[in-house]
Amino acid sequence: MLKVILEQDKCVASGQCVTAAETVFDQRDEDGIAVLLEEHPSPEVEAEVRQAAAVCPVLAIHVTTDN
Amino acid sequence: MTRNNTGRSGTENTIKPPAAFPMAREPRCPFDPPPMASAAQEAGPLTRVELSDGSTPWFVTRYAEQRALLSDPRISADVTRPGYPIPANSGSTASPFSFILMDDPEHARLRRMVTAPFMVKRVQAMRPGVQKIVDDLIDDMLAAGGPVDLVEAFALPMPSLVICELLGVPYSDHSFFQRNSNALINRQANPQERRAAVEALVAYLHGLLEMKKNHPADDVFSDLARRVRDNQLTNDDAAMMGVLLLVAGHETTANMIALGTLALLQHPDQLKLLKESDDPALVTSAVEELLRYLTITHDGRKRLAVEDIEISGSTIRAGEGVIMATDLANRDPEAFSDPDRLDLGRDARHHMAFGFGVHQCLGQPLARMELEVAYSTLFRRIPDLRLATTLAKVPFKNDGSVYGVYELPVTW
Amino acid sequence: MMNIDRDVLIIGASAAGLSVAEALRRGGHRGRLTLIDAETHFPYDRPPLSKQLLSGAWDASKVALRSHDALSALESELLLGDRAEHLETAALSVRTASGRILTADAIVLATGVTPRCLPGSDDISGVHVLRSLDHAAQLHQRLRPGRRLVVVGNGVMGSEVAATASAMGVNVSLTGKASTPMAPQLGSFASSLLAAEHKAAGIRLYGDVGVENLVVRGGSVEGVALSSGEVLPADDAVVAIGSEPATNWLSNSGLSLDDGIVCDSFCRAAPNIWAVGDVARWNHPVLGSLRLENRTNAAEQALAVAADILGNGEPYAPIPYFWTDQHGLRIQVHGTIPADARLQVTDGDVTSGRFVAIAMTPEEDRPVAVLGWGMPKQTRARRAELQTANSVAL
């Protein structure tokens, strides 16, 4: 099972994760800081989620298949 | 090509003097980094360069090392620290207030005040407005007939008008706004003229803030007016933020529009792919690839080490300046295969044209959207757009802090 | 002995088997873990085999299910290239092709499915099934612009292969028993939309047909003769007529087999024996006897099985879900779309080619499924509504 961790206090609101995986990440209205929509996304978005982790400029996204 | 990945100590520069920075491009390859810079990348991930003030900061040439350093907390962006590297051409109009030249936590606090308008869904909502701006400019171009200077007729006004909408500048004030923001970019303008333009804009933005306090709308200045009212910011701070957003989003986007158009015209096979496809995903990946290929912020990301850092066999000492050559990172064969080829279909999303780390360009979703609309509309409505001069005669901004062209005569 | 200290043997190390192993470790399992698989490749993900791997967009390294590091972190024994041949149900022991005898305190059967073949087509060059990495690599080699491919079977796999191949410039005919591609999974309206996408991509469609025989010359396929009488010329044929659960090896084990290993609602096939993934036919508390052949179920059912092994089991009652990527569209189905479902569009619109719709049962007007057509973000939002509606109904 995929597990995604978002370290929200590192976020600088670049929006890259939303562009990469829009069903897993969103940005909050008050300041555009990222929010995690889906802690255990379904397998078909695995590539997108790993892309989001790779392009996050502050390395705030971690993807594992276990704890 | 053999890569030298073995460590080099900081003493290697006693063997030969470091190259002067910035370096000169090869005039026949205006889209490629300076040959000496590329040679430095091949030779190793870190070397030193010499600036006009005699200082010799580190020069980081490869993708992996830049990515590591730009996200390292021992690396500072605080321009007021002694030793911070300032290359010759970086005469910037950024005020000392600019949060882009600060570190966290103060940087983060200020940055978060202006990130909301640039979030992906809000930028997407702006798209129809941006499309209209582009269409109106192209209408005017077509009505006037070619040849025109694409920079003056399209590349410069487009982002300026978009910023106006974003900030909430009323339409009747657009020409005042554009006149002064162009003065900031104009190579002919002397420092006094630039200062006068900044002052005029700051004064104007003070007035706009006042107006937005009383008549708020859905725009950045209404947001900032509210924050001033809630004592999160002073009026002066808010006005300077407005200037910052303007400066950051004007010349960069304008240069990408013109230079990107030129690059497409010079790569007809790629342009053909773009023109013939109706797949919006291709426009999106084309924008990323042009950002990578051109990396207009060609004088690198400048930083200072605040502690010793061991990296790839070298030791950067505390207090030493570091320049991350992001244009070279974007041509690193370890990060992009066949990197010197413009390939609009490749996956270039991991490029560093917007930088990396906490300072990565906050306007990037807007920049991307503007470029998508600009390139796709230009070539859809003027499919036989072509250069009205030769490549050799196009004046490139070799001495500018942001690369681009001063003029781009086109016709159709 | 405590549950967490038991020795567990997992037969099949693909998505379902591996997910059980990981979930056990996550749940605090400390006992020995052994995984065994007939394939020699390191465990890999199957969905890309008919998409990115087939097209060549990805190479084999990108379909690995887990990195070597992640696999070693499991602290399990992974035995590759050895097929399980016999199960002693009471003794909880398995004999493999190489002669190994493996025993455990708990056994998980995750042997998956094997693709059905056309009778008599075994040694014919140019006839393919698509289940393994080797199959996909072989097929990829054959597909070149202008070559003629006939796909036999217009279900999910056949439809995907047709879409991928047509994007590679191959001349594709998609044939099958359903009237329109993926009709059983999508319902007639959405299936006709898919047919339009295929046609727009240049794929020729033949519905309501079976294969009479293959035209073979010199040991190679030259054509496919349909039950309608038409003969379609072919350089290659992909047989995508479904799969059989891999249960032949269990025929004298005493386990109940009926298009899969029959289990209760906790996925138990017998005391201390569980089944998971494509091979498992379990008793869904709401939907009854069910066997799901899809990637999402492999991962979700694995969690249920691991929890039960650890003593925290609950009846496994998922909302079935699958997705397919064809012609640049992500098509998603949560729930099951009845053949005569009424589709109510909730986002986007059909004419623009991107939408989300809720499938309602014609009689009771109850939402039973969500269909996403190129709008993954909105589909996700509507799925949540379906869960609410279903929990009320349950």
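In the text below, chain A, chain B and the rest are named by the order of the sequence lines, each starting its count at 1. Bear in mind that the values here come from a model prediction, so they are computed numbers and not experimental data.
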A:R28: partners by salt bridge (charged side-chain N to carboxylate O under 4.0 Å, His left out), with sequence neighbours left out: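 By the salt bridge (charged side-chain N to carboxylate O under 4.0 Å, His left out) rule, A:R28 matches A:E30, A:D31.
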Listed by chain and number, what are the side-chain contact (heavy atoms from CB on, under 4.5 Å) partners of C:S55, not counting sequence neighbours?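 Checked C:S55 against side-chain contact (heavy atoms from CB on, under 4.5 Å); matches are C:A57, C:T164, C:M168.
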Among C:P376, C:A381, C:P48, which has the most heavy-atom pairs under 4.5 Å with chain A? C:P376
Would you give the length of the straight line joining atom [atom1] of [X] to atom [atom2] of [Y], rounded to the nearest 0.5 angstrom?
X: C:R66; Y: A:T64; atom1: CZ; atom2: OG1; value: 9.5 Å
X: C:R383; Y: A:T23; atom1: CZ; atom2: OG1; value: 9.5 Å
X: A:E22; Y: C:Q378; atom1: CD; atom2: CD; value: 6.5 Å

Contact origin within [X] toward chain A - heavy atom pairs under 4.5 Å:
X: C:R330; answer: side chain
X: C:Q52; answer: neither
X: C:R380; answer: side chain
X: C:P47; answer: neither
X: C:L303; answer: side chain

Under 3.5 Å, which donor-acceptor pairs link side chains of residues 56-63 of chain A to any protein atom two or more places apart or in another chain?
residue, atom, partner, partner atom, Å
A:H62, NE2, A:E7, OE2, 2.7

Flag yes if more than 12 heavy atoms outside C:E314 fall under 6.0 Å of its CD atom; otherwise flag no. no
CZ (C:R32) with more than 12 external heavy atoms under 6.0 Å: no
Determine which residues belonging to residues 32-47 of chain A lie within contact range of chain C, meaning some heavy atom pair is under 4.5 Å apart, and list them by number or answer 'none'.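 Residues A:L37, A:E38, A:S42, A:P43, A:E44, A:V45, A:A47 are the ones that qualify, each having a heavy atom under 4.5 Å from chain C.
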